[in-house]
Amino acid sequence: MSNRPVVHVTGARPNFPKAAPVIAALDKLGVEQLLVHTGQHYDEQMSEVFFRQLGLPEPDINLGVGSGTHATQTAAIMVGLEELFVERRPELVIVYGDVNSTVAAALVAAKLLIPVAHVEAGLRSFDMTMPEEVNRRLTDQLSELLLVTSPEAVGHLANEGLPVESIHFVGNPMIDTLLANLDRYDAGAARSSRGLQGRYAVATLHRPANVDTHDAATALVSALHGVADQLDLVLPLHPRGRTTLEGVGLLEHPRLHVEEPLGYVEFMGLVRGASLVLTDSGGVQEETTVLGVPCLTMRPNTERPITITDGTNRLVRPDQVVEAAREILARPAGERWPVPPLWDGHAGERIGRVLERWLADRRTQEQMS
């Protein structure tokens with residue numbers, strides 16, 4: 001058994017529900033692990049609460065990089081990780097999703113000739129104006145193990161010339177976390193604590209294209225107010241864009257309830273009871289698909305098209321939101337949607353088995369050389 005650890009690099013809210021099942025699976029297999037939190041999200045409700053609620057071990061190392069421009073943040077993460085990787089010489093670095101911490105870790109590991117495994121490989125929006133698209137494409141090119149959550153991602157990776165033997169369709173570990181905690185999502189408590197009567201909607205919006213400019217924010221607020229005309233709308237507001245949105249009148253509707261970001265369990269309880277979710281988040285598209293909650297994604301594209309073909313998701317422009325919401329609310333409740341393949345709560349175990357085999361093969365090769 002190697003005494004070099006497998007290092008998990010997490011840094012932002014979307015990483016934690018993906019990492020938790022993988023860490024648990026490798027722990028059961030007796031793999032030595034090190035958990036790094038880069039501190040890309042450093043707010044209590046954006047990161048630390050996730051460790052408590054998801055049963056994640058406390059991070060062994062927190063780089064505490066905080067916010068900044070893409071270059072500043074990515075550079076700070078790279079400097080911190082390089083020092084750590086040189087000291088500990090990981091056997092494998094595991095990265096998640098498409099945040100700046102993900103691509104920073106992959107770059108550092110690749111330069112140090114440390115293998116990388118990318119959980120959620122192969123997702124593509126084909127929109128290079130999105131920082132996340134840049135991050136995920138670069139990370140896949142640098143990764144030796146490509147752990148795929150949906151079938152179309154296999155084709156994307158093959159089209160980009162990545163070796164088929166490195167691609168493993170394992171399912172979606174975020175859904176493992178969703179299903180494992182299902183009985184903790186209390187929609188009744190979410191409703192009663194806010195004094196909501198009848199149906200309500202939830203919104204979560206933070207992407208630059210929606211919140212960074214005056215015109216985009218104005219269109220977004222108009223759409224949100226149009227939905228709030230139809231039913232109460234709860235908006236846990238990401239710090240990004242808050243000033244801009246409030247400056248164009250976000251708070252000027254009596255049925256639009258703006259809150260601070262929520263912990264994972266509280267947010268999922270709120271979503272579970274919703275009649276409609278409006279988002280620009282990739283993860284929320286997946287979670288609503290499994291929970292059967294209609295989802296309107298305010299983006300021109302999605303790297304998760306399977307949530308449209310096998311789920312509850314629909315892409316909309318701001319000027320389409322009000323009518324799309326009206327159509328959803330007019331439907332009878334209880335409609336069923338197909339769920340994507342292998343979104344069954346066992347992706348973490350499959351990932352664990354793939355990694356265990358890979359580690360064993362690598363150690364055998366090292367002994368023979």
Side-chain angles (χ1 to χ4, degrees), residues 13 43-46 49 185-285 287-288 291-300 312-331 333:
R13 183 175 181 137
D43 179 85
E44 161 70 12
Q45 289 299 88
M46 300 299 285
V49 69
Y185 309 146
D186 191 339
R191 185 189 303 278
S192 62
S193 66
R194 294 168 175 83
L196 298 173
Q197 304 294 323
R199 297 193 293 179
Y200 67 89
V202 175
T204 169
L205 298 146
H206 69 280
R207 291 194 182 271
N210 282 327
V211 303
D212 272 13
T213 68
H214 180 275
D215 288 350
T218 299
L220 174 60
V221 167
S222 176
L224 294 174
H225 285 182
V227 173
D229 286 339
Q230 302 175 57
L231 76 174
D232 285 288
L233 176 59
V234 181
L235 172 60
L237 188 55
H238 193 285
R240 181 182 190 97
R242 178 185 287 269
T243 302
T244 306
L245 291 172
E246 291 182 354
V248 296
L250 177 69
L251 305 180
E252 295 170 9
H253 196 295
R255 298 182 75 187
L256 178 56
H257 312 281
V258 176
E259 304 181 353
E260 294 300 312
L262 299 172
Y264 177 80
V265 170
E266 291 80 9
F267 180 70
M268 294 316 305
L270 186 66
V271 168
R272 189 179 192 181
S275 296
L276 165 67
V277 170
L278 180 63
T279 192
D280 56 17
S281 160
V284 173
Q285 295 171 52
E287 290 157 343
T288 51
L291 292 173
V293 177
C295 180
L296 296 175
T297 296
M298 283 186 61
R299 286 170 46 187
T312 63
N313 190 25
R314 174 179 166 187
L315 299 179
V316 289
R317 300 189 309 267
D319 63 347
Q320 297 172 318
V321 166
V322 174
E323 185 55 36
R326 187 172 291 113
E327 291 172 11
I328 288 169
L329 297 172
R331 294 179 195 157

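Here the structure is a predicted model, which is why all the values come from computation and not from measurement.
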Student check: side-chain heavy atoms of R13 and P261 closer than 4.5 Å: yes
L245 and V211, any side-chain heavy atoms less than 4.5 Å apart: yes
Donor-acceptor contact below 3.5 Å, side chain N210 vs main chain M298: yes
Separation of L196 CG from R255 CZ (nearest 0.5 Å): 9.5 Å
Spatial distance of atom CG (D232) from atom CG (L256) [nearest 0.5 Å]: 9.5 Å
Check: T279 main-chain N/O paired with Q285 side-chain donor or acceptor under 3.5 Å: no
Just list the side-chain donor-acceptor pairs under 3.5 Å for residues 214-224, sequence neighbours left out, or say none.
{"from": "T218", "atom 1": "OG1", "to": "H214", "atom 2": "O", "distance (Å)": "2.7"}

Closest non-hydrogen atom pair, L231 against A201: CD1-N, 3.7 Å
Stepwise side chain to side chain contact (heavy atoms under 4.5 Å, CB included) test for V322 and Q230: CA-CA 9 Å; V322 174; Q230 302 175 57; 3.5 Å; yes
Between CG on residue L235 and NE2 on residue H253, distance to nearest 0.5 Å: 13.0 Å
Gap separating the NE2 atom of H225 from the CG atom of L251, nearest 0.5 angstrom: 7.5 Å
Atom pair CZ/NE2 of R207 and H238 - distance to nearest 0.5 Å: 10.0 Å
Side-chain touch H206/D280, heavy atoms, less than 4.5 angstrom: yes
Flag if over 12 foreign heavy atoms under 6.0 Å of CD, Q197: no
Approximate separation, where rounding is to 0.5 Å, of R199 CZ and R191 CZ: 10.5 Å
Sequence-distant partners of D229, salt bridge (charged side-chain N to carboxylate O under 4.0 Å, His left out), two or more places apart: none
Step-by-step side chain to side chain contact (heavy atoms under 4.5 Å, CB included) determination, L270 to R194: CA-CA 10 Å; L270 186 66; R194 294 168 175 83; 3.8 Å; yes
Closest non-hydrogen atom pair between Y200 and A187, with its separation: OH-O, 4.5 Å
Minimum side-chain heavy-atom gap M268-L262 below 4.5 Å: no
Any side-chain heavy-atom pair of L237 and L250 under 4.5 Å: yes
Residue pair T288 / V271, side-chain heavy-atom distance below 4.5 Å: yes
Considering all heavy atoms, the nearest L276-A325 contact: CD2-CB, 3.6 Å
Shortest non-hydrogen contact between Y185 and R272, atoms and distance: O-NH1, 3.4 Å
Min side-chain heavy-atom separation E266-E259 under 4.5 Å: no
Residues R242 and E260 bridged, charged N to O under 4.0 Å: yes
Those residues that, when tested against P300, pass side-chain contact (heavy atoms from CB on, under 4.5 Å) (two or more places apart): none
